Every structure is written in C-alpha cells, then in structure tokens.
Number of protein chains: 2
Amino acid sequence: MESINIKQLAKALNLSTSTVSRAFRNNSDINKETKERILAMARELNYQPNHYASNLRERKSKTIAVIVPELANNFFLQAINGLEQVASEKGYHILIYLTYDKYEKEVAFINDLHNGRADGIIMSVSGESASEHRYLHRLKSKNIPLVFFDRIYEDIEAPRVTSNDYESSFAATEHLIKSGCDRIAFLVIHKNLSIGKMRMQGYQDALQKHRLPYRDELVIDCSNDPQKNYRILNQAFKKWKPNGAFAAVERLAIASYYVCHDAGIAIPQDLKIISFSSLEIAPLLNPSLSTISQPAFAMGYQAATLLFQSIENGIEQAPMEHIVLQSKLIKRQSTAK
Amino acid sequence: MESINIKQLAKALNLSTSTVSRAFRNNSDINKETKERILAMARELNYQPNHYASNLRERKSKTIAVIVPELANNFFLQAINGLEQVASEKGYHILIYLTYDKYEKEVAFINDLHNGRADGIIMSVSGESASEHRYLHRLKSKNIPLVFFDRIYEDIEAPRVTSNDYESSFAATEHLIKSGCDRIAFLVIHKNLSIGKMRMQGYQDALQKHRLPYRDELVIDCSNDPQKNYRILNQAFKKWKPNGAFAAVERLAIASYYVCHDAGIAIPQDLKIISFSSLEIAPLLNPSLSTISQPAFAMGYQAATLLFQSIENGIEQAPMEHIVLQSKLIKRQSTAK
DNA sequence: TTGTATGCGTTATCAA
DNA sequence: TTGATAACGCATACAA
C-alpha cells in the first residue's frame with residue numbers, strides 16, 4: 001500500500017489538497033479546468049482516494065453488511081443478487097458474513113459491526129427465537145439500521161421482508177393430500193426457528209382441515225449435515241412409511257431423493273415429495289421436483305430498498321414495514337398421482 | 001455511527017488512550033489487571049475500535065478482495081467457501097466483486113482496489129486474453145498482491161491455481177468416443193478465454209487421436225443468457241445432429257437437458273452428454289449427468305494460501321507458483337452406452 | 001474559485 | 001507499566 005496520497009498529488013499539480021479533494025467529490029465548487037487537470041494527473045499517477053481515510057473523515061462506510069447462514073443455498077444466493085443490485089446502484093458495496101447457523105457467530109458479527117464498518121445490516125437470522133437478542137438492541141443506539149429477511153426474530157422490532165410461508169405450507173400440504181397422501185412427513189431443520197414454526201403450522205392446519213391426524217413421529221427434525229440427514233431420513237422412511245413428504249428446506253428434499261434412489265422407494269408412486277426450493281433445475285431432477293419457490297431475488301431487492309430508506313432518512317424514520325412476498329407452488333412429477 | 005470512541009472509554013476509566021489501545025492488541029506490555037478492567041468497561045459501554053481508523057493508522061485493511069464473474073455458479077461458490085476458510089482463519093474478511101463477465105467492470109474494480117481497500121486480490125478473470133491488461137501491472141507498483149484462480153491471463157505474471165483442464169477435456173472427449181459417439185459437439189462460452197482454449201484443445205486432440213474429423217460447426221459458441229443458449233443449442237442439435245456433447249461449462253449441460261427434454265432427444269440413446277460441473281446433485285438428474293468436477297474448494301483454499309504468502313512475506317517474495325489440481329471424471333447415465 | 005487549518009479515531013514512538 | 005503526542009489520508013469550515 002505504498003500509494004501516492006492526496007498531498008503528493010497536490011504538490012505535483014501545484015495545488016492545495018483541498019482543491020484536489022474537491023475534484024473527487026462533485027458537489028463542491030471547483031473550476032472545471034482545474035478539475036480536469038487534477039483528474040488527468042490522478043489517472044497518470046494512478047491515484048485513488050484512500051477509502052479508509054475518507055470513511056473515517058466522513059464517518060460512513062458506503063458498505064452494507066449481509067449476514068446469512070450460508071452461501072451454498074440457492075435461496076440466499078438469489079437474494080444476495082437482489083441486494084447487490086440495489087446496493088451497487090447506490091454505489092455501495094456488500095460485505096458478506098456467514099454464520100453457518102451458529103448463534104455465537106452471529107453475535108460476534110453483530111458486535112463487530114458496531115465499529116462502523118457498515119452503514120447498515122441485512123440479516124437472515126441463525127439463532128433460535130428463544131435465545132437472547134440484546135446484542136441487536138445495541139445496534140439501534142449506534143444508529144445502524146437493520147433489516148431482516150426470510151428468517152426473522154419476532155421479538156426484535158425491525159423492517160422485514162418475508163414470504164407467505166404459512167399459506168404456502170398449507171397449500172403444499174393440501175396438494176399432497178389431494179394427490180392421495182394420508183401419511184405426510186414434515187421434514188425440517190430447526191423446528192424452533194420462526195420460519196420453521198410458520199411452515200409447520202401450515203402443515204398442521206392443512207392436516208386438520210382434511211381430518212388427517214397429526215403424528216409427532218412424522219415430523220422429522222434434521223440437521224445441516226448431509227450424511228446425518230441421509231441416515232435420519234433413511235430410518236424414518238423405513239420405520240414410519242410415509243407416503244408423502246413435505247420438505248421445509250431444499251436440502252432435505254435432495255437428501256430424500258438420495259435415500260429413495262438407494263432404498264428403492266419410488267417417487268411419486270411410493271412417496272410423493274414437495275419442497276421449499278429455489279433450485280432452477282428442479283424440472284430436470286428424476287423425477288422432476290414439485291416446489292414452493294420463494295421470490296428470492298425480489299426479497300433481497302426489497303430488503304435492500306428498505307435498508308436504504310433507513311440509511312438515507314435516519315433510523316428514526318425507519319419504516320417498520322413487514323413486507324410479505326408471495327411464493328409460487330409448482331406441481332411436477334414428484335407429486336403426481 | 002455515533003459510537004463511543006477510545007477517548008471516551010479512556011476517560012471513563014481514568015486512563016490514557018494509549019493504554020486502552022494496548023488492551024486491544026495483545027502484543028504490547030500491559031498490566032493484566034488494567035487490561036481486564038479496560039475490556040470489561042469496553043463491553044459494558046459497547047465499545048469497538050473503529051475499523052477505518054485502525055486501518056488508516058496501520059495501513060492495512062485485513063480484507064482480501066475476490067473478483068469472480070458470478071455467484072450463481074457452484075464452482076465459484078465452492079471456491080469462495082475455500083477462500084473464506086483460509087481468510088477467516090487469518091482474521092481476514094472477504095470483499096466480493098462480481099464482474100458478470102464484463103471486462104469494464106473488472107477494470108473498474110481493479111482500479112478501485114488501488115485505494116488500499118484490500119490487502120490482496122484473488123481473481124478469476126472475465127475478459128478476453130486479447131485485451132489490454134495494463135491495469136493489472138499497476139497493482140504491483142502498489143504492492144497489492146494478486147492471485148489468479150481457474151480463469152487466468154497468460155500474459156500476467158502472478159501466482160495461479162488452476163485445474164488440469166486440458167487433460168480432463170481430453171479424457172472427457174475420449175470417454176464419449178469410447179461410448180460410441182462419432183459426432184461430438186463442443187459447447188462453450190467465450191472460446192477465446194484461456195480456459196476455453198485449453199478445454200477446446202483437449203477436445204480437438206482427443207478427436208485427432210481417434211481419427212475423428214474436427215468439424216467447425218460442432219463447436220457451439222454460446223452465451224450467458226439461458227434463453228439464448230436454449231435457442232442456439234436447439235437449433236444446433238437439430239441441424240447438426242451430434243450424438244455426443246461435451247459442455248465446457250455446467251450451464252450449457254443444463255441447457256442441453258432442457259432442449260433434449262423438450263425436443264424428445266433421448267439422453268443417452270440419441271445424445272450422450274458430459275460436462276464440466278460442480279453440481280452436487282448431478283446424480284439426481286434425469287438421467288444422471290456425467291461430469292468432470294473440479295476441486296473447487298481446494299482451488300479456493302490454495303489460492304488464498306498463496307495470496308497470504310505474498311501478503312505476509314511481501315510481494316517481491318511472492319511465489320510465482322502455478323499450482324495445478326486434478327479434476328475428477330465421473331461417469332454416469334448420461335454417457336452410458 | 002482556491003488555500004489554510006483542524007479533526008475524524010486510532011496506533012506507534014518516545015519519554016516518564 | 002503508563003502517558004503525551006504525532007501521524008495515518010482525507011474532507012470540511014472558514015478565510016482569502
């Protein structure tokens with residue numbers, strides 16, 4: 001980082017640093033010719049204003065932090081693409097933090113972000129609703145706005161963007177029932193997370209509406225480890241013999257496919273599967289997978305839009321909106337009669 | 001960002017800022033008790049050293065920039081996971097820049113990075129080899145190390161991590177030939193990019209070895225737009241009737257699947273397909289897809305390791321290594337006889 | 001329109 | 001072991 005700095009550039013031009021500085025932010029008054037002269041020389045000497053010095057001086061970072069559980073997940077990827085589009089239009093950069101669903105990591109990241117590294121935070125939470133969220137309150141006192149998307153904490157007041165999980169789950173379960181399933185498994189990770197709860201409620205209510213009994217053993221609580229999931233699902237399918245499975249998370253549908261392929265369980269004849277999923281190639285699976293697909297890109301886009309409202313108008317003006325976007329249920333071979 | 005700063009914290013403790021500062025970097029001598037007292041108070045007052053001030057003072061950013069064409073691509077995702085692991089072990093953060101294969105974006109990003117925002121750069125290039133790369137030379141003069149991975153510029157001297165593309169392509173083509181194909185299409189994006197060239201060469205040489213003619217029309221140059229690709233491939237398959245297809249990029253295999261499904265071309269009976277791909281669910285496709293899978297995670301990991309060598313030992317000591325990792329050819333149904 | 005001087009929050013040097 | 005002070009590179013209030 002042995003860069004040329006504003007002083008050297010100024011000297012090379014026989015100008016003061018303030019004039020040079022002005023050339024780089026277009027608001028201030030400055031002679032057009034000098035400005036061009038400065039920019040030309042800057043190009044030649046390969047000068048760029050130091051980002052950290054500017055941020056320190058201006059007390060902002062032109063950066064937003066995005067905290068998500070993981071990247072290896074089409075939903076989050078598409079959402080991030082949505083965020084990124086808004087951010088880059090505003091001249092902001094994105095700093096990505098991955099929690100891998102570890103609550104402690106989330107706390108550490110948030111605490112880290114108190115140092116002014118980011119002007120705002122967009123987060124899809126990792127922890128369980130039950131845990132302590134005081135670390136989030138502190139953000140507000142520092143004027144760092146926060147927006148939730150998809151996975152939220154209900155006890156924290158912040159703008160949020162979600163999709164209609166309850167309705168979608170209800171519809172998905174009902175779809176399985178109408179396709180002839182009467183023993184429907186619900187595959188879930190983190191039952192206690194708000195999002196898991198919503199989806200589970202939709203499942204339960206659909207069962208009830210159609211007079212199907214709710215069976216505890218058919219709610220299969222999985223993990224983030226593919227191999228573990230394989231074992232869990234393999235056992236569960238053999239033991240409880242569901243004829244329908246509703247996966248609250250894409251990877252559980254994938255794991256189910258592997259189990260079925262290996263165990264000779266025919267989809268959809270023996271077991272019909274539907275899943276929350278943002279997989280673009282769901283139609284190409286064997287058999288093609290019925291999905292509830294969330295508007296991931298739009299959710300990211302909206303979340304970023306909300307965040308910038310807070311950033312631009314101040315956190316007090318923050319719109320405590322709860323935007324709910326609609327997911328789509330797409331029926332394919334995996335739930336065919 | 002109305003944070004408490006080190007001064008206020010010092011005053012609250014009746015200490016000087018230097019002592020407080022020392023408490024936060026463990027090297028300096030400091031009384032254990034005072035240190036604990038400081039840290040306790042910091043927690044209480046929710047103090048975090050300002051990242052930008054530290055960076056400015058220390059003249060480094062503890063951040064590495066990663067420039068890739070896109071995120072919606074399993075290869076880059078996994079590679080980034082590899083990078084991230086190394087970086088986070090070193091206490092570094094990752095700043096992600098997406099070029100969407102636009103050369104101008106790449107130039108803009110690189111120029112941006114001259115301002116000391118990152119201590120090093122890891123890049124998978126976007127542009128064509130033919131174009132101008134002077135903007136990269138300038139990095140060196142600023143002591144910002146650069147490492148290439150996967151997609152490189154041959155005319156720039158920098159450490160690089162690639163996979164054995166030529167050999168893999170040769171093997172993949174040969175596999176198709178041995179499975180009975182004699183009209184093998186090569187599906188590619190950006191023929192001119194170094195990586196496209198390597199893969200094409202492997203394809204050509206394998207044809208030659210087996211005395212199959214090279215036909216220009218069977219090299220199908222595609223784009224990044226899925227719909228365009230669909231049209232291109234649909235036309236090409238109908239017009240030239242290949243009985244084998246080797247996709248240099250995952251998304252072209254996906255597009256081919258869609259075309260075949262719609263056009264009633266049976267895989268593998270009518271057309272055998274193999275592809276470079278990092279898709280975890282290749283086995284679940286209909287039919288399961290034969291792949292050459294690059295060690296994406298390891299490539300990212302290695303690239304980051306190389307970069308940190310340059311960062312830690314200075315750019316002059318940079319190991320001009322060219323690390324080549326081996327891809328794996330996995331035969332599945334899509335190329336069955 | 002341009003220049004001077006000050007401070008953003010930190011860390012390093014030096015002295016106590 | 002701790003404190004005073006200067007400097008990192010820049011942007012702004014104010015003066016010219």
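Chain naming here is simple, since letters A, B, ... match the order of the sequence lines and numbering starts at 1 in each. The analysis underlying the following values was restricted to heavy atoms, covering all of them including side chains, and did not include hydrogens, waters or symmetry mates. Just so it is clear, the structure is predicted and the values come from calculations on it, not from any experiment.
Checking the phosphate oxygens (OP1, OP2) of D/dA11, a side-chain nitrogen or oxygen of A/Arg25 falls inside 4.0 Å. An OP1 or OP2 oxygen of D/dT12 is reached within less than 4.0 angstrom by no side-chain nitrogen or oxygen of A/Ser18. The phosphate of D/dG9 has OP1 or OP2 within less than 4.0 Å of a side-chain N or O from A/Asn5. The phosphate of C/dG3 has OP1 or OP2 within less than 4.0 Å of a side-chain N or O from A/Ser16. Neither OP1 nor OP2 of D/dC8 sits under 4.0 Å from any side-chain N or O of A/Arg57.
A/Leu13 has its CG atom 13 Å from the C1' atom of C/dT2, to the nearest Å. Taking atom CZ of residue A/Arg22 and atom C1' of nucleotide D/dA15, one finds them 12 Å apart after rounding to whole Å. Atom C1' of nucleotide C/dG9 and atom CZ of B/Phe24 are separated by 13 Å, given to the nearest angstrom. Residue A/Ile6 contributes atom CD1, which lies 12 Å from atom P of C/dG3 at whole-angstrom precision. Distance, A/Ile4 CD1 to D/dC8 P: 15 Å, rounded to whole Å. When the C1' atom of D/dC10 is taken as reference, atom NE2 of B/His114 falls 19 Å away, rounded to whole Å. In this entry the distance linking CG of B/Asn55 with C1' of D/dC10 reads 15 Å, nearest Å. The CD1-P distance, from B/Ile38 to C/dT10, rounds to 13 Å in whole Å.
Between B/Tyr153 and B/His133, the ring planes are parallel. Angles under 30° get that label, and only those over 60° would be called perpendicular. Note on ring orientation: taking the six-membered ring where Trp is involved, the planes of B/His51 and A/Tyr52 are perpendicular (angle over 60°, cut-offs 30° and 60°).
A salt bridge between B/Glu321 and B/Arg160 is absent, with no side-chain N of the basic residue lying under 4.0 Å from a carboxylate O of the acidic one. Using a cut-off of 4.0 Å between Lys/Arg side-chain N and Asp/Glu carboxylate O, B/Asp101 and B/Arg151 are scored as salt-bridged. Taking 4.0 Å as the cut-off between side-chain N and carboxylate O, B/Lys102 and B/Glu104 do not count as a salt-bridged pair.
Checked against the 6.0 Å centroid threshold, B/Tyr47 and B/Phe24 count as a close aromatic pair.
Across all strands, B/Asn31 comes closer than 4.0 Å only to sugar-phosphate atoms, never to a base (heavy-atom distances). Residue contacts shown for A/Ser21 include a base, since a base heavy atom lies under 4.0 Å away. Here A/Leu56 lies in heavy-atom contact (under 4.0 Å) with a base.
Across the interface with DNA chain D, nearest-nucleotide mapping of B/Asn14 and A/His51 shows B/Asn14 to be the residue nearer the 5′ end. DNA chain D is contacted by both B/Thr19 and A/Ala53; B/Thr19 maps to the nucleotide lying nearer its 5′ end (nearest heavy atom per residue).
The line from CG of B/Leu98 to CD of B/Glu106 is 12.5 Å long, rounded to the nearest 0.5 Å.
Nearest to the side-chain atoms of B/Asn50 among the listed nucleotides C/dT10, D/dG9, D/dT1 stands C/dT10. The listed nucleotides are D/dT1, C/dG9, C/dG3; the one nearest the side chain of A/Leu15 is C/dG3.
The residue from A/Lys35, A/Glu36, A/Arg25 that alone fulfils the side chain to side chain contact (heavy atoms under 4.5 Å, CB included) condition with A/Ile30 is A/Lys35.
Shown for residues 41-49 of chain B: residues whose heavy atoms fall under 4.0 angstrom of DNA chain C, namely B/Tyr47, B/Gln48, B/Pro49.
Remark: the A/Arg59 side chain and the C/dG9 base include no donor-acceptor N/O pair separated by less than 3.5 Å.
Within the cation-pi definition used here (under 6.0 Å to the ring centroid, within 45° of the axis), B/Lys105 does not qualify as a partner of B/Tyr97.
Rounded to 10°, the angle separating the first-five-pair axis and the last-five-pair axis of the helix from C/dT1-D/dA16 to C/dA16-D/dT1 equals 30°.
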Point to revise | Stepwise side-chain hydrogen bond (donor to acceptor under 3.5 Å, both in side chains) test for A/Asn111 and A/Arg138 | key: CA-CA 9 Å; A/Asn111 285 335; A/Arg138 282 193 246 122; 3.1 Å; yes
Exercise for review: Might you work through the side chain to side chain contact (heavy atoms under 4.5 Å, CB included) test for A/Ile110 and A/Leu136, ending with a clear yes or no?
Suggested key: CA-CA 7 Å; A/Ile110 292 283; A/Leu136 284 172; 3.7 Å; yes
